[in-house]
Amino acid sequence: MQEYLTYSVYGSAILLMLIGLYAALVKKNLIKIVIGLSILDAGVHLLFVAVGYLNNATAPIFSEAVIGKNVVMADPVPQALVLTAIVIGFGVTAVALALVVRLYRKHNTTNIDEIKNLKW
Amino acid sequence: MKKLIVITLLLILGFYLISTFSSTPFGAEKVSGVKDFYLKQSPETLKVSNVVTAIVVSFRGFDTLGEVTVLFLASTALGSILYRRRTKHSGLNPQREAVISSSLVRTGAKVLFPMIILLGAYVFVHGHLTPGGGFQGGAIIATGFLLILISYRKFFINHNVLTWVEAIAGTTFVLIGIGGLIYATQNNFLENFLPEGTLNKLMSGGVVSIIYIAVGFKVGAEITGILDTLLTIKEAGLDPDEN
């Protein structure tokens, strides 16, 4: 059971990261590349939160139902880090989309094959 | 051919990632690190029941100040990247304005908008008690404004008001931090200098709740500004004399 959970939870997070990287590397449309970066972000966040989980743990909130009882709490540090990372990811996506708008104005296309010096 | 190379590289990367992470089983006890300190200090000395909020605002408060700055820079950079000549910038996109959304959407938006704002305010006021906080509440408020922006095409957001809300909220954050330097017992930046109150009451946590309310206003104003800038930009080709 433990083995199955390890591979399914980490595996799905890593699969999301790989899907995002694939989109960012292969797709021709700039908007799709930005979407790929967002999916990569989501995969990293999922991986972080999954690493911080402990067996039978509750959320790290001392509500009335939890105070005084001897409960295990999930690691709050990765959750705080992911909270930061989500906000930074939003900022990155917004700036990337603004750059796409700028490129579209200049070249009238979002296909990177038609824009010089943007393909690999 | 290119796809094949990419897929091979990604499979190698995925294999090494998963073999690295499978050595730390899901849910097993790891090296505890600072976790135990945070879980003990947060309810006992700070009286903040949401430990994630305590870390983000108090223990790692300086990081959050930098994070808010990054968000501010992103919204400013957006404005400068999408900059048009000032005399031309009326703030309204004639192509967008020409489309009128259906009356169902407009009535629904009118009913839902105050409730969304109320939910956002609830989430950031109770950031130290329940899941949520300034960033989440600010994002919820921005979705309310997005709903209004896509259903009332002529709705105009005054960016001066947004700038003032951002400036006042950011200044509050920094002033509270400096207050910790002067009035707190150990004279640290962002240290708590107000009475802590009792755990699990609205009036608890000292400066943590006040800082998170300021962050909520700031994030709400910034995301609203970003959404408005991206929605109301003029399409290419409308201006004859653009480069």
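Values below: every heavy atom of this structure, side chains too, minus hydrogens, waters and symmetry copies. Each chain gets a letter, A, B and so on, in the order the sequences are listed, and its residues count up from 1.
- Other residues, nucleotides and ligands contribute over 12 non-hydrogen atoms within 6.0 Å of the CZ atom of B/F26.
- In this structure, chain A has a heavy atom under 4.5 Å from the side chain of B/F135, while its backbone stays farther away.
- Within the 4.5 angstrom heavy-atom criterion, only side-chain atoms of A/I67, from C-beta onward, approach chain B.
- Considering OH of A/Y10 and OG of B/S22, their distance stands at 9.5 Å, rounded to 0.5 Å.
- For B/L10, the parts lying near chain A are the backbone and the side chain together; criterion is any non-hydrogen pair under 4.5 Å.
- Neither the backbone nor the side chain of A/V72 comes within contact range of chain B; no heavy atom of the residue lies under 4.5 Å from a heavy atom of that chain.
- Using a 4.5 Å cut-off between heavy atoms, A/V95 touches chain B through backbone and side chain atoms alike.
- Note: B/I5 CD1 to A/L25 CG = 11.0 Å, rounded to the nearest 0.5 Å.
- Between the CG atom in B/D36 and the CE atom in A/M73 there is a gap of 12.0 Å [rounded to 0.5 Å].
- At most 12 heavy atoms of other shown residues, nucleotides or ligands fall within 6.0 angstrom of atom CZ in B/F217.
- The minimum heavy-atom distance linking B/I18 with A/G11 is given by the pair CD1-CA, 3.5 Å.
- Only the side chain of B/L199 has a heavy atom closer than 4.5 Å to any heavy atom of chain A.
- Chain B forms more heavy-atom pairs under 4.5 Å with one residue of A/Q79, A/Q2, A/E3, A/M17 than with any other, namely A/Q2.
- Contact detail for B/E67 and A/L83: the closest heavy-atom pair is OE2-O, 3.8 Å.
- Heavy-atom distances place the side chain of B/Q136, and not its backbone, under 4.5 Å from chain A.
- There is no contact between B/S75 and chain A, counting heavy-atom distances below 4.5 Å.
- For the set A/I88, A/T84, A/V77, A/V92, the entry with the most heavy-atom pairs within less than 4.5 Å of chain B is A/T84.
- Using a 4.5 Å cut-off between heavy atoms, B/L11 makes no contact with chain A at all.
- The two residues A/A98 and B/L78 make their nearest non-hydrogen contact at CB-CD1, 3.2 Å.
- A/R102 places no side-chain N or O within donor-acceptor distance of the main-chain N or O of B/L82, the cut-off being under 3.5 Å.
- In terms of modelled atom types and a separation under 3.5 Å, the side chain of B/N200 and the main chain of A/F62 share a donor-acceptor contact.
- Of the listed residues B/V68, B/T229, B/L13, B/L39, the one with more heavy-atom pairs under 4.5 angstrom with chain A than any other is B/L39.
- Heavy atoms closer than 4.5 Å to chain B are found in the side chain of A/I14, but not in its backbone.
- The environment of OH in A/Y53 is crowded: more than 12 heavy-atom neighbours from other residues, nucleotides or ligands sit within 6.0 Å.
- Both the backbone and the side chain of B/L17 come within contact range of chain A, each with at least one heavy atom under 4.5 Å from a heavy atom of that chain.
- In terms of heavy-atom pairs under 4.5 angstrom with chain B, the leader among A/V66, A/L47, A/I86 is A/L47.
- For B/G14 against A/L18, the heavy-atom pair with the smallest separation is CA-CD1, 3.7 Å.
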